[in-house]
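Just so you know, residue 1 is the first one in the sequence shown, and it goes up from there.
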Amino acid sequence: MRWLLTHARSVEDAEALRRRGIDAVGIPCVAFSPLPWPEWPLEDGQAVAFLTSPRAAHRYAVHRDADLVAAVSPRTSAVLHADQIEVTISSPGGTEALAAAVVAAWKARGEPTWHFRYPTSAHGARSSEQTRTLETLQKLGPVARVEVYANRVPQELPSQLAREVAHSWSIGVASPSAVTNLFAALPASALAPRHAICFGASTVRAWNKARPSRWPCATLAREPMEAIALLENGQ
């Protein structure tokens, strides 16, 4: 059985798995293009950066233009920690869970004057999850949500997948965007994967919503490469 890895560092991670004797190949499902960083609206109080993806965190790390930082853990927070950026508020569980953690922190601090800077992607901005998140944050203060990167389906993705999904396969998926692009590019003849490991609760929800009924539910993995190794070793 071959593992298909679909995230940005999938080629490097697939190579690391092969060194451990696990058959794996990297097939990134999302191609990214940066968009201009915004001039955020001037508001009263403290600016809170609300970061829900590693890509947004990488863009923010260049500009560092907020007083406080809220970030989904572990992957988005890890990007910020690597750049010595303090994460004030974090939460696993995706965008809405982070918004709930922000509400709790706001109340614990005596309901200060906050406004929010929310860099995202065009794909993310269309999601119902982000719509609900906006509704939550707007109860605390103004929210400026701006698309700072675009994602698209890589041109070669359909042909790459067609070669791999006619045989026994499993998959690791890193984002809701990757789930969307994957199912758009899969051939109708694709066999069901044996396992689906997702990095992040939002990705799990996206996979479970998109998958055909005969396909496996996603497994949430905090350390996806270790989760794959455990499965391969029968643990």
Side-chain angles (χ1 to χ4, degrees), residues 2-18 24-38 49-63 71-72 74-80 82-83 94-95 118-130 145-166 169-190 193 196-211 215 218 221 224-225 228:
R2 170 168 288 180
W3 281 90
L4 311 184
L5 306 182
T6 66
H7 51 286
R9 286 186 49 82
S10 60
V11 174
E12 295 89 340
D13 284 346
E15 182 179 353
L17 287 175
R18 289 196 297 271
V25 63
I27 304 179
C29 281
V30 184
F32 295 99
S33 301
L35 299 175
W37 192 257
F50 190 84
L51 306 174
T52 60
S53 71
R55 188 65 51 175
H58 280 298
R59 296 298 317 280
Y60 175 80
V62 175
H63 301 277
V72 172
R75 295 177 63 244
T76 303
S77 294
V79 170
L80 299 164
D83 281 310
T95 302
Y118 190 169
T120 187
S121 68
H123 182 276
R126 293 192 297 268
S127 70
S128 58
E129 187 173 29
Q130 280 203 19
R145 183 179 60 163
V146 180
E147 297 168 16
V148 299
Y149 62 95
N151 48 44
R152 58 179 174 78
V153 180
Q155 184 175 1
E156 64 278 8
L157 182 60
S159 59
Q160 288 179 324
L161 289 173
R163 290 195 298 268
E164 302 294 345
V165 299
W169 61 290
S170 289
I171 193 163
V173 192
S175 69
S177 298
V179 172
T180 298
N181 293 355
L182 172 75
F183 280 99
L186 276 170
S189 59
I197 289 181
C198 290
F199 319 166
S202 298
T203 311
V204 168
R205 288 191 289 270
W207 174 274
N208 288 339
K209 182 177 180 180
R211 70 181 177 89
W215 285 31
M225 298 304 102
I228 289 171

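Listed by chain and number, the residues in a side-chain hydrogen bond (donor to acceptor under 3.5 Å, both in side chains) with R59 amount to none (sequence neighbours excluded). A search for side-chain hydrogen bond (donor to acceptor under 3.5 Å, both in side chains) contacts involving T180 returns H123, not counting sequence neighbours. Here S202 pairs with T95, E129, P176, R205 under the side chain to side chain contact (heavy atoms under 4.5 Å, CB included) rule; sequence neighbours left out. Under the side chain to side chain contact (heavy atoms under 4.5 Å, CB included) criterion, A178 pairs with T6, C29, V30, V173, S175, not counting sequence neighbours. For W215, there are no side-chain hydrogen bond (donor to acceptor under 3.5 Å, both in side chains) partners two or more places apart in sequence or in a different chain. Residues satisfying the salt bridge (Lys or Arg N to Asp or Glu O under 4.0 Å) test with R18, not counting sequence neighbours, are none. For Y60, the ring-ring contact (aromatic ring centres under 6.0 Å, His included) test picks out no residue, with sequence neighbours left out. Scanning for side chain to side chain contact (heavy atoms under 4.5 Å, CB included) contacts around A210 gives V179, F183, with sequence neighbours left out. Applying the side-chain hydrogen bond (donor to acceptor under 3.5 Å, both in side chains) test to W3 and every residue at least two apart in sequence or in another chain returns E232. A61 meets the side chain to side chain contact (heavy atoms under 4.5 Å, CB included) test with D83, I85; sequence neighbours excluded.
At least one donor-acceptor pair under 3.5 Å links the side chain of N208 to the backbone N or O of A218. The closest donor-acceptor contact from the side chain of S127 to the backbone of G124 lies under 3.5 Å.
Atom OG in S170 sits 8.0 Å away from atom CD1 in I197 (nearest 0.5 Å). E12 contributes atom CD, which lies 10.5 Å from atom CG of L5 (distance to the nearest 0.5 angstrom). Rounding to the nearest 0.5 Å gives a distance of 10.0 Å between CH2 of W169 and CD of E164.
A 4.5 Å side-chain heavy-atom check between P38 and V148 finds at least one atom pair inside the cut-off. In this structure the side chain of Q130 reaches within 4.5 angstrom of the side chain of Y118, judged on heavy atoms. Taking 4.5 Å as the limit, some side-chain heavy atom of W37 sits within range of a side-chain heavy atom of H63.
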Identify every side-chain donor-acceptor pair in residues 151-159 under 3.5 Å, counting partners at least two apart or on other chains, and give the distances.
unit_1 : atom_1 : unit_2 : atom_2 : d
N151   : ND2    : S177   : OG     : 3.3
S159   : OG     : E156   : O      : 2.9

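In terms of heavy-atom proximity, A125 sits nearest to E147 at CB-OE2, 4.0 Å. When all heavy atoms of V165 and L186 are compared, the pair lying nearest together is CG1-CD2, 3.8 Å. The shortest non-hydrogen separation linking A185 to L161 is CB-CD1, 3.8 Å. Heavy-atom minimum distance, H7 versus A174: CB-CB, 3.3 Å. When all heavy atoms are compared, the tightest approach of C198 to V204 is CB-CG2, 3.6 Å. When all heavy atoms of A57 and L51 are compared, the closest pair comes out as CA-CD1, 4.3 Å.
Cation-pi contact between R75 and F199: absent, since separation from the ring centre below 6.0 Å together with deviation from the ring axis within 45° is not met.
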